[in-house]
S.K.: 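Before I ask anything, let me first share the structure, which is written out below as structure tokens.
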Amino acid sequence: MKIIINGEAKEINAATIADVTKILGYEGDYFAVAKNLTCVPRNQYDATAIAENDEIEILMPMQGG
Amino acid sequence: MWQLGGKNFSSRLVLGTSRYRSPENLREAITRSGIEIVTVSLRRQAAGDGNKFWDLLREMNIAFLPNTANCRSVQEAITTAHMAREVFKTNWIKLETVGDEYTLAPDPFALVEAARILIADGFEVFPYTTEDLVVAERLVAAGCKILMPWAAPIGSGQGIANAQALKTLRARFPETTLIIDAGIGAPSHAAQVMEMGYDAVMLNTAIALADDAPKMAQAFARAIEAGRMGYEAGLMPRRDFAEPSTPTLGTPFWKEEKRA
């Protein structure tokens with residue numbers, strides 16, 4: 001299935017947000033996920049299904065002013 | 001001690017964490033100047049890259065104020081705020097909505113709307129705003145207890161572009177926590193806004209890009225403390241003409257001159 005991850009199209013064999021983060025190697029609690037410009041709470045990763053062309057944003061802590 | 005967002009702090013310097021030579025340089029700036037609050041952001045990053053910055057900061061006993069820097073719409077800002085709450089486990093959000101690319105001036109319309117929505121959602125909103133009085137009034141009406149007006153555009157180091165407007169904000173919002181955010185270039189600028197009665201100063205570039213960032217952080221911390229003490233002690237009123245400070249009574253060699 002083709003989805004957009006952080007602005008880039010990717011082929012990925014995943015059904016949920018939990019699958020996506022696992023496949024991409026995001027671990028621990030220092031990242032956050034949004035699907036189609038809506039934040040997905042951590043306890044909803046397993047329950048949140050993804051569909052073709054969904055836009056997934058995965059963000060991590062960074063320097064900021 | 002002063003209160004911010006329900007917590008007690010001693011330091012009135014809020015530090016941005018960008019543009020330092022190294023994470024260690026940033027850590028030294030924080031520890032040497034007694035900084036208790038830092039701003040952070042969320043960015044795209046691949047999972048395998050590691051996160052030295054965050055590994056280092058999370059070990060420190062400091063409060064995190066995440067921002068929504070570079071958000072261009074209400075929805076982007078709201079989603080970023082929700083994501084920041086997930087990661088940083090705080091309801092604090094430094095709400096930024098870019099309205100102009102050249103000055104990075106905030107979009108006040110998006111700012112007020114996003115603030116209203118986020119406050120209803122339980123956030124403590126720190127809106128980055130201009131010095132405009134009516135925008136400030138709308139933000140307060142939306143429920144903001146804290147305002148972060150700019151002194152000058154971000155990263156410009158210009159100091160206070162509109163002192164009268166900043167004084168007006170302080171006078172009109174005595175109950176609101178006012179933190180100067182952006183445009184501060186020198187410790188004297190920070191002292192000046194603190195003397196006006198501002199509650200704190202937030203800055204990044206002037207410290208991060210100094211030859212010696214930890215030393216500059218100390219310089220700012222002292223200037224901010226001095227400015228605050230000056231405000232609390234009560235500044236003398238400004239006068240147009242001189243008023244002798246040494247007593248005139250008993251002036252040596254004085255005699256009444258007879259005019260012919």
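Note on naming: letters A, B, ... go to the chains in the order of the sequence lines (proteins, then strands), and numbering restarts at 1 for each one.
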S.K.: Is it the side chain or the backbone of A/E27 that comes within 4.5 Å of chain B heavy atoms, both, or neither?
M.R.: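 Contact with chain B is absent: no heavy atom of A/E27 under 4.5 Å.
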S.K.: Taking the side chain as every heavy atom from C-beta outward, state whether A/P41 and B/E86 have any atom pair closer than 4.5 Å.
M.R.: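 Yes, at least one pair of side-chain atoms sits under 4.5 Å.
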S.K.: Please round to the nearest 0.5 Å and tell me the distance separating atom CD of A/Q63 and atom OG1 of B/T39.
M.R.: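 These two atoms lie 10.5 Å from each other.
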S.K.: Counting heavy-atom pairs closer than 4.5 Å to chain B, which one of A/G7, A/A32, A/G65 comes out on top?
M.R.: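 Counting heavy-atom pairs under 4.5 Å, the top option is A/G65.
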S.K.: Name the region of B/R58, side chain, backbone, both or neither, that has any atom closer than 4.5 Å to a heavy atom of chain A.
M.R.: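 It is the side chain, since no backbone atom gets that close.
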S.K.: Out of curiosity, A/K35 NZ to B/T79 OG1, how far, rounded to the nearest 0.5 Å?
M.R.: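 Going from NZ on A/K35 over to OG1 on B/T79, the span is 13.5 Å.
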S.K.: Please round to the nearest 0.5 Å and tell me the distance separating atom CD of B/Q75 and atom CG of A/N36.
M.R.: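 If we round to the nearest 0.5 Å, B/Q75:CD and A/N36:CG are 11.0 Å apart.
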S.K.: Go through the atoms of B/F64 and report whether side chain, backbone, both or neither lie under 4.5 Å from a heavy atom of chain A.
M.R.: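 For B/F64, neither part sits under 4.5 Å from chain A.
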S.K.: Against chain B, label A/L24 side chain, backbone, both or neither, depending on which of its atoms sit under 4.5 Å from a heavy atom there.
M.R.: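 Just the backbone, heavy atoms under 4.5 Å.
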S.K.: What part of A/Y26 gets closer than 4.5 Å to chain B, counting heavy atoms only: side chain, backbone, both or neither?
M.R.: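 For A/Y26, the contact with chain B is made by backbone and side chain together.
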S.K.: Identify all side-chain donor-acceptor contacts of residues 201-209 of chain B below 3.5 Å with residues at least two apart in sequence or on another chain.
M.R.:
residue : atom : partner : partner atom : Å
B/N204  : OD1  : B/T17   : N            : 3.4
B/N204  : OD1  : B/S18   : N            : 3.2
B/N204  : ND2  : B/S18   : O            : 2.8
B/T205  : OG1  : B/R19   : NH1          : 3.4

S.K.: Please identify, among A/V40, A/L59, A/I5, the residue contributing the most non-hydrogen atom pairs under 4.5 Å to chain B.
M.R.: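 When all of A/V40, A/L59, A/I5 are compared, A/L59 has the most.
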S.K.: For the CZ atom of B/R44 and the CE atom of A/M62, what is their distance to the nearest 0.5 Å?
M.R.: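 Rounded to the nearest 0.5 Å, the CZ-CE separation comes to 11.5 Å.
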S.K.: Test side chain to side chain contact (heavy atoms under 4.5 Å, CB included) on B/E76 and A/L37 and set out the steps.
M.R.: CA-CA 7 Å; B/E76 278 180 25; A/L37 210 51; 4.3 Å; yes
